[in-house]
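The shown structure was predicted, so the numbers you read here are calculated from the model rather than taken from an experiment. Numbered from 1 within each chain, the chains take letters A, B, ... in sequence-line order.
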Number of protein chains: 2
Amino acid sequence: MAGLDPSLIAGLPTFAGLERKDLEILLSHAQAMRFAAGSSVFEQEEEARNFFVLLDGHIRVVRTTPDGQQVIVRYISEGELFGIAAALGRTTYPASAIAVADCVALAWSNAQWPELSARFPSLGANTYKTVGNRLQDAHTRVIEMSTEQVEQRVAHALLRLVKQTGRQTDDGIEIDFPITRQDIAEMTGATLHTVSRLLSAWEESGIVKGGRKRVVVRNPHQLMLKAESRNKN
Amino acid sequence: MAGLDPSLIAGLPTFAGLERKDLEILLSHAQAMRFAAGSSVFEQEEEARNFFVLLDGHIRVVRTTPDGQQVIVRYISEGELFGIAAALGRTTYPASAIAVADCVALAWSNAQWPELSARFPSLGANTYKTVGNRLQDAHTRVIEMSTEQVEQRVAHALLRLVKQTGRQTDDGIEIDFPITRQDIAEMTGATLHTVSRLLSAWEESGIVKGGRKRVVVRNPHQLMLKAESRNKN
DNA sequence: CCGGTAGTTTGCGCTGGCGCAAAGTCGGGT
DNA sequence: ACCCGACTTTGCGCCAGCGCAAACTACCGG
């Protein structure tokens, strides 16, 4: 259906639980979708109609508070399941998803969820695991926000991004999609200004290298030190 | 098995999805456990052997950071499913659970999870929903921590506790288990001292009434005002 | 009834990081 | 080639809330 390009299917490590044949059946129910960088995949409060697997690109998940404040919940990279609100008993998406690079995703209608999850138990297992990881991450973030200084939180955020999407360059490890200082601020509960100051200071000491919508980590080890103690380094 | 007291079974609203007969089968696989106030139900990092439903009492879930800081993840009240780490693909509990009042819980061995969840789809649905709610809560907390002042966070925490476990008294609504200023601090990422000061100020204006390990909310509406704007009231 | 411990309150000084302001700088579109 | 909007940097003053310190008080066990 929808003429799935077979080449898209090649790399889906997350679905290793499924046998080749089952995978093909599952994929035959999916629809491929493309999103240009900057476009919206779904909006907060919108009725949850689909669940997705991201095949290529990067998506930012943002939650907006009643008074207009924005917080970045997380970034989604290739192979990840997302938009599974309906499976978790919600009728609307709790956050907005925005493509930060050109994206390709597979989408299934939520109406198919009961049938598909019954037919492919490993889809269910995968969902449990995904949600478990997210819950863990969310709690980790609460702890960080509760106990750490801004400098440590920013360092942790960068390390997480590097680990998740880092691409080795001759300069160091680069975060593989455009990200602004403001974005980092919204991930860490700091202000744009403070983040900018921190990155400037780190650039001074050769730990990172900045650019317009770019961050390259030159010295991950030193960055870990910043992340770990509230002492001066 | 384990001679379940039938009276315990009476009130299990959370499991409404199950028919009476199925419920009995499910319960026949469970083991009843009692925990005295202050005792540990399970420890962080301990191998996850069981999952539970709390029948009576209150349990505090605490996560400890590598450097010894503690953060209260949440409180569990009657009817809630907990300790489901294994179902989410983990082998150890990510946090400790401590009874803050005398507790009665039903426990199932994790080994039974695949069988039970296959046999009773509504158990699985229930788990998805529970996890969905928790994920939602965790994200809400991240947002609060990111965007709110300490005063608002403490107000929100109290309102949540009151909503979850409030007991009407002639003085106002009382939180139904012993809770210290330190506990509130660990829920909100503030210090004991700041929390104490805030509660003193609120007691001054008649919004709450404090006591040793006790908090009574006399004026929830005013407390909501404190929770909502960073303006002076 | 009494001593000890766990919990609470309050004072004081300091500072991390925010709010506000303004001046760069990069890059994409016409 | 230029302009405009988006992104970034930096300076400065202020204050919420923390760290430290000390006193107070309610409960519990003996």
Nearest-angstrom distance from the residue atom [atom1] of [X] to [atom2] of [N]:
X	N	atom1	atom2	value
A/Glu148	D/dC18	CD	C1'	16 Å
B/Glu204	C/dT10	CD	C1'	13 Å
A/Leu192	D/dT10	CG	C1'	12 Å
B/Arg153	D/dA16	CZ	P	14 Å
A/Leu198	D/dT8	CG	P	14 Å
A/Gln182	D/dT9	CD	C1'	14 Å
A/Lys213	D/dT9	NZ	P	14 Å

Item to check | Terminal helix-axis angle for the helix from C/dC1-D/dG30 to C/dT30-D/dA1, with five pairs defining each axis and rounding to 10 degrees | outcome: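 Taking the rotation axis at each end, their angle is 50°.
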
Checklist entry - What do you reckon, is CD of B/Glu204 surrounded by more than 12 foreign heavy atoms closer than 6.0 Å? => result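 Counting neighbours around CD of B/Glu204, 12 or fewer heavy atoms of other residues, nucleotides or ligands fall under 6.0 Å, so no.
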
Any [X] side-chain N or O less than 4.0 Å from OP1/OP2 of [N]:
X	N	value
B/Gln149	D/dG17	yes
A/Thr191	C/dC18	yes
A/Thr194	C/dC18	yes
B/Arg181	C/dG7	no

Next on the checklist: I need the residues from residues 64-76 of chain A with at least one non-hydrogen atom less than 4.0 Å from DNA chain C; give them sorted by number, or say none.
Outcome noted: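 Nothing qualifies; none.
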
Interatomic spacing from [atom1] in [X] to [atom2] in [Y] - rounded to 0.5 Å:
X	Y	atom1	atom2	answer
A/Tyr75	A/His58	OH	NE2	10.5 Å
B/Ile143	A/Met145	CD1	CE	10.0 Å
B/Gln164	B/Leu159	CD	CG	12.5 Å
B/Leu88	B/Arg134	CG	CZ	8.5 Å

Item to check | N-O pairing of A/Arg74 and A/Asp137 below 4.0 Å | outcome: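 No salt bridge links A/Arg74 with A/Asp137.
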
Checklist entry - Hey, are A/Arg218 and A/Asp171 close enough for a salt bridge, meaning a charged N less than 4.0 Å from a carboxylate O? => result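 Yes.
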
Are [X] and [Y] linked by a side-chain donor-acceptor pair shorter than 3.5 Å?
X	Y	answer
A/Thr65	A/Asp67	yes
B/Thr130	B/Asn133	no
B/Ser200	B/Glu203	no

Checklist entry - Checking all strands, does A/Ser200 fall into the base, sugar-phosphate, or nothing category for heavy-atom contacts under 4.0 angstrom? => result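 The answer is sugar-phosphate, as A/Ser200 gets under 4.0 Å only of primed atoms, P, OP1 or OP2.
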
Next on the checklist: Heavy atoms only, 4.0 Å cut-off, all strands: where does A/Ser196 land among base, sugar-phosphate and nothing?
Outcome noted: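 The answer is base, as A/Ser196 lies within the cut-off (heavy atoms under 4.0 Å) of a base atom.
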
Checklist entry - Which of these passes side-chain contact (heavy atoms from CB on, under 4.5 Å) with B/Ile184: B/Leu198, B/Leu158, B/Ile175? => result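 Going through B/Leu198, B/Leu158, B/Ile175 one by one, the side-chain contact (heavy atoms from CB on, under 4.5 Å) with B/Ile184 is satisfied by B/Leu158 alone.
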
Item to check | Upstream residue (5' side of DNA chain C) when B/Leu199 and A/Val150 are each assigned their closest nucleotide | outcome: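 In this pair, the answer is B/Leu199.
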
Checklist entry - Which pair of non-hydrogen atoms, one from A/Phe51 and one from A/Ile84, has the smallest distance, and what is that distance? => result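 Answer, listing the atom of A/Phe51 first, then A/Ile84: CB-CG2, 4.0 Å.
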
Expected rows: protein N/O vs nucleotides 21-26 of chain C N/O, under 3.5 Å:
unit_1 : atom_1 : unit_2   : atom_2 : d
C/dA21 : N6     : A/His193 : ND1    : 3.4
C/dC26 : O2     : A/Arg212 : NH1    : 3.3
C/dC26 : O2     : A/Arg212 : NH2    : 3.4

